[in-house]
2 protein chains.
Amino acid sequence: MTEALHDEDGSRWAGQGAGLPQKQQAVDAPTISAAALRLFAERGYRATTMSDIGAAIGIRGPSLYRHVTSKQVLLGGIMVDTMRALIADQRAALDAGGDVSLQLRRIVEAHVRYHAAHREQAFVGNREIENLEQPYRDEVLRLRRTYERGLRTVIERGCAEGDFTVAEPRLASYAILDMGMGVSAWFRPDGPHGAEQIAYTYADHAIRMLTGRSSEGATTADA
Amino acid sequence: MTEALHDEDGSRWAGQGAGLPQKQQAVDAPTISAAALRLFAERGYRATTMSDIGAAIGIRGPSLYRHVTSKQVLLGGIMVDTMRALIADQRAALDAGGDVSLQLRRIVEAHVRYHAAHREQAFVGNREIENLEQPYRDEVLRLRRTYERGLRTVIERGCAEGDFTVAEPRLASYAILDMGMGVSAWFRPDGPHGAEQIAYTYADHAIRMLTGRSSEGATTADA
DNA sequence: CCTACCGATCGGTAGG
DNA sequence: CCTACCGATCGGTAGG
């Protein structure tokens, strides 16, 4: 316990002190990132200290720097990984084939499923953009544009083929993406609705939004 | 310039120093709150310092305490005012009468219009909840529940009267509120779409979502 | 409304 | 992986 040990890069340190680790788990970069994600989601990036992250895995704040470069790199990794996962899921939905209506359903289901099943990633990814520094920030914004374009392209194709009837595909894509992103803010694993049910229902919402008869009710626009 | 003056509560101070005010505007609580709102929206609550807010209106950070109690009270006031304005707009939409479909359209238009026309308020209101302390936090959460219930009640009435056909009114209300809230994140006054156009289009989206024939396309749910 | 300053916090480094 | 600590930041107060 107090004997000198070799750490990963061969230097020596004097021991582990008397503090009891909170949880006996492997301390590596993915473990740290997972703890950081949970804390960033719960209390926000700026309100989370390196000491908090360390405590969550049973070590002191400074010891984290053995495994990770900085707090900012932790955030950047989380956000870039999140966008890559979303894009991969979207691509898989597109590659599954089917007509444009089925493709749209699969894209929306994948989108909503991710925001429910990985609500912390999605929530942090949506809220902490202004705390993200370069080069992560531009990279994440670029990936977000790619992701939006994927959905919009399907909507536009559906309009061209006569299946969809929206005047502004971009506004429709924003509406669909935003309603799905909202799921990450209120979804609870132990809540009354399961992720699959929500994904299915939201895909219904999207299909209806894109296929309804145009200007349905009376108009207003007075106030 | 260097002569002693009386300030608002009768005490004396020695002068204004040599700093040039950035803008010659009245310094009062509403002016400070407006500057704080702009900065909170741009860089976030925690990233905004009292010195930043002061500089935006040409005074030093400590001088703000002549007019406001604390940074937290600034945030609380902004967020409570925002929710009250949203609820007032929703109530006005309901009081305008009409059938359930028209009421729904008015509610959604008011919701989206606010999130475009007052995008900074709405954006801050949605992002800084975890930075809000008591009693503001509970008050804002209470107002949000009231607001959601207002929309959901109309959806439920529409279902009872046969105009709407959603299985889960709560999920539909979340979807509609979240897509409108998203507007506050991407709307730009000089962008290609005006606030009124977006409000009208989103009300169309909502009406379609609520009135489409049920389960339209093929189903998926494999992945 | 200002300057000076207190007290607390925090990311990251030194050195073992 | 630890303790000790640096340097910087920041909300708020003192006192004029």
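This structure is a prediction, so every number in the text was calculated from the model and none was measured. Quick note on labels: first sequence line is chain A, next is B, and so on, each numbered from 1.
Atom pair B/Leu64:CG and C/dC2:P shows a separation of 9 Å (rounding to whole Å applied). In this entry the distance linking CZ of B/Arg60 with C1' of D/dT13 reads 17 Å, nearest Å.
As the counterpart of D/dG12, C/dC5 is assigned, both hydrogen-bonding distances of the Watson-Crick or G-U wobble pattern falling under 3.5 Å.
In this structure, the separation between CE on A/Met179 and NE2 on A/His111 is 8.0 Å, given to the nearest 0.5 Å.
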Quiz item: After noting the C-alpha distance and the side-chain angles of B/Ile198 and B/Arg113, does the key distance pass the side-chain contact (heavy atoms from CB on, under 4.5 Å) rule?
Solution: CA-CA 8 Å; B/Ile198 297 167; B/Arg113 188 181 292 123; over 6 Å; no
Self-check item: Evaluation steps, side chain to side chain donor-acceptor pair (under 3.5 Å), between B/Glu148 and B/Tyr174
Solution: CA-CA 8 Å; B/Glu148 188 272 330; B/Tyr174 287 179; 5.0 Å; no
Practice problem: Report, as a single string ordered 5' to 3', how protein heavy atoms within less than 4.0 Å touch nucleotides 4-11 of chain C: B base, S sugar-phosphate only, - not at all. | Solution: B-----SS
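For CZ of B/Arg43, the number of neighbouring non-hydrogen atoms (other residues, nucleotides, ligands) closer than 6.0 Å is greater than 12.
Between A/Glu139 and A/Arg142, at least one side-chain nitrogen of the basic residue sits less than 4.0 Å from a carboxylate oxygen of the acidic one, meeting the salt-bridge criterion.
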